[in-house]
Amino acid sequence: MNNYLLIPFLPLAAFLINILLGRNFLKEKAHWVSILAVAGSWVVAVMTLVDTMAGKTINQDLYSWIVSGNFKVSVGFLIDQLTVVMLIVVTTCSTLIHIYSVGYMHGDKGYYRFFAYLSLFTFCMLMLVMANNFLQLYFGWEGVGLCSYFLIGYYFDKKSASDAGKKAFIVNRFGDFGFGIGIFMIFLTFGTIYYEPVFAQAGGFANNTVNFLGYDVHLMTLIALLLFCGSVGKSAQMPLHVWLPDAMEGPTPVSALIHAATMVTAGVFLVARCSPIFSLSETALMVVALTGAITSLFAATIGLVQNDIKRIIAYSTISQLGYMFLACGVGAYSAGVFHLYTHAFFKALLFLCAGSVMHAMAGELNLQKMGGLKKYMPVTYLTMLLASLSIAGVPGFAGFFSKDEILWLAYSGPSPVGKLVWAIGTVVAFLTAFYSFRLIFLTFHGKFRGTHEQEHHLHESPKVMTIPLILLCVGAIASGWVGIPHLLGGGAHFTEFMKPVLGHPEGHGTHSEEWMVMAVSVIAGFSGIGLAALFYLVRTDIPVKLAAGLSGVHKLLFNKYYVDEFYSFLIVRPAIWTAKNILIGITDAKIIEAIVNGVPKAIGGFSQVIRKVQTGFLQHYATIMATGILIIIALMLLR
Amino acid sequence: MVPLNWYLMLSATVFMIGVFGFLTRKNIIIMFMSVELMLNGVNISLVAFSHYLQDLRGQILVFFIITVAAAEAAIGLAIIIALFRNKSTAHVDEMNEMKG
Amino acid sequence: MNEILGTIIAPDTMDLLIKYGINILIIFLKIAAVIAVALLHVAYATYWERKVIGHMQVRLGPIEVGPHGLLQPIADGVKLFFKEDIIPANADKPLFYLAPVIFFVSALTSLAVLPFFEGFVIANINIGLLFLFAMSSLGAYGIIVSGWSSNSKYAFLGGLRSASQVISYEIAMGLSLVGVMIMAGSLNLSDIVRAQHQYPTGMYAIPQFLGFFVFVVAAFAETNRLPFDLPEAESELVAGYFTEYSSFRFAMFFLGEYTGMLIMSSISAICFLGGWTIPRFITDAIPFLLNVPGIVWFLVKVYAFMFFYYWVRATLPRYRYDQLMAIGWKILIPLALLNIVITGVVKILVKG
Amino acid sequence: MLAKLFFGYYAAVIILLSLLVVTRKNPVRSVMWMLLLFFHIASLYLFLNAEFIAAIQVIVYAGAILVLFLFVVLLLNLREELKVKRFIGSWPAGLFVSAAILAIVINVIRSFVLVAPPGRYSIEYIKEATHTKALGTILYTEYLFPFEIASLVLLIAIIGAIVLAKRKTRSH
């Protein structure tokens with residue numbers, strides 16, 4: 001069991017080897033180190049899963065990191081049911097995406113660098129989920145942020161890519177600021193930042209209030225909301241979602257690994273991990289649920305009209321993350337984590353398929369220039385179709401079970417906003433099905449709309465890329481089967497497994513209500529698929545007419561509700577204006593420059609006078625020093 | 001029995017002669033030797049203290065001083081040789097690049 | 001008479017003075033004996049060398065003066081003593097005079113701590129081995145100063161060469177003896193011999209074969225003997241650092257060099273070959289040998305080593321200077337260090 | 001009485017030799033006087049029952065450091081040294097400062113009285129264990145870490161000296 005340490009440190013070793021030796025020695029063989037390391041982590045993670053299923057959990061410190069007064073932080077590891085699920089998700093996706101990258105990044109000049117960063121990212125993510133205290137969590141949290149920055153800006157000679165990297169970094173800082181304060185508050189309140197004592201004592205502080213900015217605020221609500229700030233940033237929820245679509249500038253495996261399967265789910269993981277705190281505050285839970293619901297609706301509507309294949313999937317990711325928060329917000333943490341787990345598979349698969357399509361289309365991203373790729377790339381088509389069925393919630397696929405559980409628990413749960421978010425969730429299910437199949441139909445069906453050269457270039461991706469697709473596809477279909485609800489004759493094993501950590505919310509509804517909820521979501525899904533088929537296979541003129549008829553709405557959606565422009569107007573431009581006019585114009589030019597230039601001028605003048613003392617003779621200096629000693633001794637004697 | 005004070009006076013005298021040499025000689029090698037003289041002056045008092053206090057720590061210090069002196073001589077003389085190669089003089093008063 | 005003396009000097013003081021006086025007298029006698037014997041040995045070492053090398057080269061060597069040329073060293077001595085003492089122009093005279101004295105005295109002083117047989121040593125000090133190092137490092141001064149003060153290019157180059165050679169090999173020699181120090185646990189030469197006698201093999205040369213090898217090579221280089229006699233390589237430097245010396249000053253260098261050989265042989269006999277003792281397993285087998293006085297064994301060992309010196313001289317060609325330095329720094333010193341590590345580890349293992 | 005006589009001799013000679021070292025014009029002579037000085041200091045150490053330190057003084061100071069000095073003096077070949085003044089222009093200042101400090105320090109030392117109780121390394125103890133062993137024991141136990149650092153310092157000095165003194169090999 002002690003070999004769990006290998007899980008994070010194998011990728012770290014791979015990172016070090018690659019970054020140190022990659023450029024000159026490994027070169028085109030850099031992937032071996034990383035793949036072997038991550039695959040090794042996967043094997044150990046599976047062994048850990050088996051142990052955990054047998055009921056063994058670990059919570060131990062490796063070594064003391066910081067000790068200062070009563071503030072003590074160790075590098076420590078907590079492995080319980082929640083952690084182990086995350087470990088499986090992270091290592092599985094990471095391994096497959098590493099393999100996929102061999103084909104995708106083939107021939108890139110920064111090959112070793114790419115794999116080094118991927119491994120580093122895996123390390124940080126594993127440190128994040130395996131932490132047993134908030135500071136180590138924060139370390140992993142910032143570590144994945146950093147890697148995300150590296151990888152989004154991987155093509156750093158492209159301005160949009162480096163801008164996107166900076167944007168992701170800066171937007172995340174807003175969230176992390178809150179998260180950081182949240183950790184301070186936790187330390188202030190509990191005197192420790194270890195999970196175990198914090199969660200054990202949390203109940204005792206349930207009714208405390210704290211004076212915050214002049215208001216008496218409910219303590220747990222404050223802490224929960226501050227932590228949630230971090231989640232909002234990392235998981236790209238409203239209003240900090242703007243970085244995720246732009247992050248698609250990075251290589252597609254990165255999008256799949258970081259911006260779909262692992263890093264962005266860190267926010268959900270955080271909320272689930274801190275469920276003992278969140279559960280103490282109804283307000284915080286409501287905020288979480290509403291944020292999730294609104295984000296998912298908001299992102300889904302944008303996804304309807306986008307043309308960039310990766311951005312559609314990116315908005316879909318935001319939307320699905322919203323779903324997970326929605327689940328957490330109604331207290332159904334295990335349902336949220338369940339969705340996280342199934343989502344990782346089908347979303348990674350969607351991204352990798354998109355990558356495969358891009359590979360075939362020589363980097364083309366615009367849906368309107370594709371079409372009819374079905375016959376050129378059958379494997380990609382089939383896997384992407386299955387992934388879309390899964391995300392659309394077609395019964396039997398992974399996405400169905402998780403989504404259904406969320407919707408049922410939202411409907412039946414004790415949350416005051418439960419019914420509302422259920423309604424939103426159902427609408428989003430419909431929209432999700434619609435835009436997912438819009439993507440499939442526009443890409444793979446119909447006639448090819450690109451240039452002749454592109455058509456000539458079309459081909460299926462190499463085996464090293466399609467095999468991970470197939471493996472992920474198995475996950476996208478089957479990963480949900482561990483959580484088949486009792487209603488359908490399953491055992492709901494997933495929820496049972498998670499019970500020791502996340503508890504188990506009881507739905508207060510009848511079986512007929514449960515059937516109703518399930519039926520509604522299935523109908524929503526199928527109608528979405530049907531409508532997409534109608535629009536993009538049968539009557540292709542309808543979308544155009546609709547866009548023309550509802551040009552205002554279309555424009556609003558197409559421009560993503562103008563959020564970027566709004567931020568630009570509200571934050572970016574004032575910041576730049578302040579920097580230019582006040583900081584550069586007044587502070588810098590008038591005040592600092594005056595000091596900076598005046599001081600040396602004064603010193604220069606003064607030193608012109610006293611430089612005569614500097615004769616350049618060593619012995620003069622030594623004599624002066626000796627005279628000083630003489631004077632000091634003499635003074636001491638005379639005193 | 002010779003009083004400890006005598007040793008200390010001897011030590012101080014040797015040390016100050018070293019200081020005098022360092023402060024006044026032109027030749028950089030002699031200056032360097034004056035430094036060694038100062039170290040020896042200190043060593044005398046350390047050994048004397050060690051003897052009179054019956055505590056070997058003073059001699060351990062002497063041991064380290066000799067070590068450092070060896071290192072210092074190696075480096076210092078290498079510097080002198082490098083200096084001599086560039087300036088072909090060993091006179092300190094001809095080296096005043098740092099003059100203000 | 002005694003009464004008058006007694007009024008001037010108190011009887012207690014008188015006793016003290018007599019005690020001191022006798023002690024000092026004994027020491028002086030010892031010194032005189034050792035120096036006389038050693039110098040005689042040195043003189044005959046030259047004769048012996050010429051004979052040995054002569055026979056090795058299938059010729060006779062000195063044969064004219066006395067029976068078998070036995071008086072040859074004395075004739076040489078007389079000749080050197082009565083030759084004209086030439087001092088080069090522009091030589092730094094005081095230093096020129098001083099140099100051979102330093103060289104000769106530093107060589108002779110080493111004799112003070114050598115135990116020739118049980119209980120016979122002029123100064124039985126606890127740091128005997130360190131004293132030997134100190135004196136042998138002093139010899140370098142004689143070499144450098146003679147080379148410099150002669151104001152001659154040959155002498156100067158020879159002096160620099162020799163000094164760097166001596167200093168370099170001194171390190172290897174010192175390190176090679178550390179193994180002996182570790183095994184014996186003492187720096188006192190008599191204690192080393194006794195410890196050796198207690199040791200199963202009776203001679204440290206067997207367990208310390210690495211150290212012994214390094215010591216032998218370093219001893220050859222220390223005494224500027226072939227194959228390391230570069231400072232006085234005739235083909236390059238005439239006679240090296242004492243090119244400009246003549247008469248008895250030259251004799252002092254000459255004697256100093258042979259005394260150095262004698263001392264190196266003695267050190268090897270004391271530190272590696274068991275000094276005045278012979279291994280116990282031999283005396284156990286042939287108890288009769290116990291009756292032989294220790295000095296005989298000691299001298300046998302010293303002569304054997306001296307013979308080895310001559311043998312090597314007659315056999316091996318001279319090394320090039322860079323090769324000499326490379327051997328010293330790159331082979332002998334690492335070997336000696338290795339020997340120290342091995343000895344230390346073994347000692348810890350055996351003890352623990 | 002005898003001890004004081006000996007000390008008097010050594011002190012006088014050491015001071016005289018120190019003065020000779022710093023005042024001789026010819027650096028070679030300075031080095032030779034210094035050699036003699038080191039021997040006297042070593043004898044003084046013997047006097048203080050520090051035989052190992054005395055041996056080290058001769059081996060390291062006289063046998064290694066001073067030889068190095070002599071080497072450098074000879075390599076630089078400072079024959080013209082004999083034609084210039086030996087002191088810098090402002091030597092009276094140096095003389096005054098050092099003499100003044102010496103006067104003050106001697107004045108202070110005169111009234112110095114040793115009050116600390118004797119430690120455990122008495123003369124008998126050292127004689128029993130031999131000085132080298134006593135020093136070695138304390139050096140390799142209590143002062144092991146400084147000892148290692150000293151070795152590091154020497155290593156750095158070796159490398160530094162080689163780097164500094166090596167002639168730049170120019171490629172032709």
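Chain naming here is simple, since letters A, B, ... match the order of the sequence lines and numbering starts at 1 in each.
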How long is the gap from CZ on B/R57 to CD on D/E142, to the nearest 0.5 Å?
-> 6.5 Å

Just jot down the ring pair (Phe, Tyr, Trp, His ring centres under 6.0 Å) partners of D/F145, sequence neighbours excluded, or say none.
-> none

Cut-off 4.5 Å, heavy atoms of chain D, and the answer for B/L53 is both

Residues B/Y7, D/F47; criterion side-chain contact (heavy atoms from CB on, under 4.5 Å); working and verdict = CA-CA 11 Å; B/Y7 283 102; D/F47 217 59; 3.3 Å; yes

Atom pair CG (D/L37) and CD (B/E36), whose distance is rounded to the nearest 0.5 Å | 11.5 Å

Between B/P3, B/A82, B/G18, B/A69, which residue shows the highest count of heavy-atom pairs closer than 4.5 Å to chain D?
-> B/A69

Chain B: which of D/V60, D/L95, D/L155 shares the most heavy-atom pairs with it under 4.5 Å?
-> D/L95

Side chain, backbone, both or neither: which part of D/R24 has an atom under 4.5 Å from a heavy atom of chain B?
-> backbone

Sequence-distant partners of D/N49, side-chain hydrogen bond (donor to acceptor under 3.5 Å, both in side chains), two or more places apart | none

D/V153 versus chain B, the contacting section by heavy-atom distance below 4.5 Å = both

Quick one: which residues of residues 61-71 of chain D reach chain B at under 4.5 angstrom, heavy atoms only?
-> D/Y61, D/I65, D/L68, D/F69

Toward chain B, the part of D/I149 with a non-hydrogen atom under 4.5 Å = neither

Segment of D/I15 engaging chain B (4.5 angstrom heavy-atom cut-off) | both

Most chain D-contacting option - heavy-atom pairs closer than 4.5 Å, from B/L4, B/L10, B/L39 | B/L10

Interface check, chain D: of B/S34, B/A70, B/G41, most non-hydrogen pairs under 4.5 Å belong to B/A70

Could you tell me which of B/V62, B/D55, B/L37, B/V68 has the largest number of non-hydrogen atom pairs under 4.5 Å with chain D?
-> B/L37

Side chain / backbone / both / neither for D/P146 at chain B, heavy atoms under 4.5 Å = both

Select one option (side chain, backbone, both, neither) describing which atoms of B/F32 are under 4.5 Å from chain D's heavy atoms.
-> both

Which pair of non-hydrogen atoms, one from B/R25 and one from D/V22, has the smallest distance, and what is that distance?
-> NH1-O, 2.8 Å

Tell me, for D/V105 versus chain B, whether the close heavy atoms (under 4.5 Å) come from the side chain, the backbone, both or neither.
-> side chain

Give the minimum heavy-atom separation between B/V47 and D/A50, together with the two atoms involved.
-> CG1-CB, 3.9 Å

Out of curiosity, D/L102 CG to B/T13 OG1, how far, rounded to the nearest 0.5 Å?
-> 5.0 Å

What part of B/Y52 lies closer than 4.5 angstrom to a heavy atom of chain D: side chain, backbone, both or neither?
-> both

Which atoms of B/E72 approach chain D - backbone, side chain, both or neither, heavy atom under 4.5 Å = neither

Considering only heavy atoms, which portion of B/L8 lies under 4.5 Å from any heavy atom of chain D: side chain, backbone, both, or neither?
-> both

Between chain B and each of D/F52, D/W91, D/F38, D/F112, count heavy-atom pairs under 4.5 Å; write down the option with the most.
-> D/F112

So which bits of residues 4-11 of chain D come within less than 4.5 Å of chain B, counting non-hydrogen atoms only?
-> D/K4, D/F7, D/A11

Pick one of side chain, backbone, both or neither for D/V108, based on which atoms fall under 4.5 Å of a heavy atom in chain B.
-> neither

In Å and rounded to the nearest 0.5 Å, what is the CD1 to CG distance from D/I41 to B/N40?
-> 4.0 Å

Select, from B/F49, B/F63, B/F15, the one with the greatest count of heavy-atom pairs under 4.5 Å involving chain D.
-> B/F63

Gap between atom CD1 of B/I75 and atom CG of D/L164 - 0.5 Å precision | 6.0 Å

Would D/Q57 and B/N43 count as having a side-chain donor-acceptor pair, cut-off 3.5 Å?
-> no

Select one option (side chain, backbone, both, neither) describing which atoms of D/L114 are under 4.5 Å from chain B's heavy atoms.
-> side chain

Given a strict heavy-atom distance threshold of 4.5 Å, which part of B/F22 is in contact with chain D: side chain, backbone, both, or neither?
-> neither

Most heavy-atom pairs under 4.5 angstrom with chain D, which of B/I60, B/V2, B/T67?
-> B/I60

Mind checking the CD1-NZ spacing from B/I30 to D/K25? Nearest 0.5 Å is all I need.
-> 12.0 Å

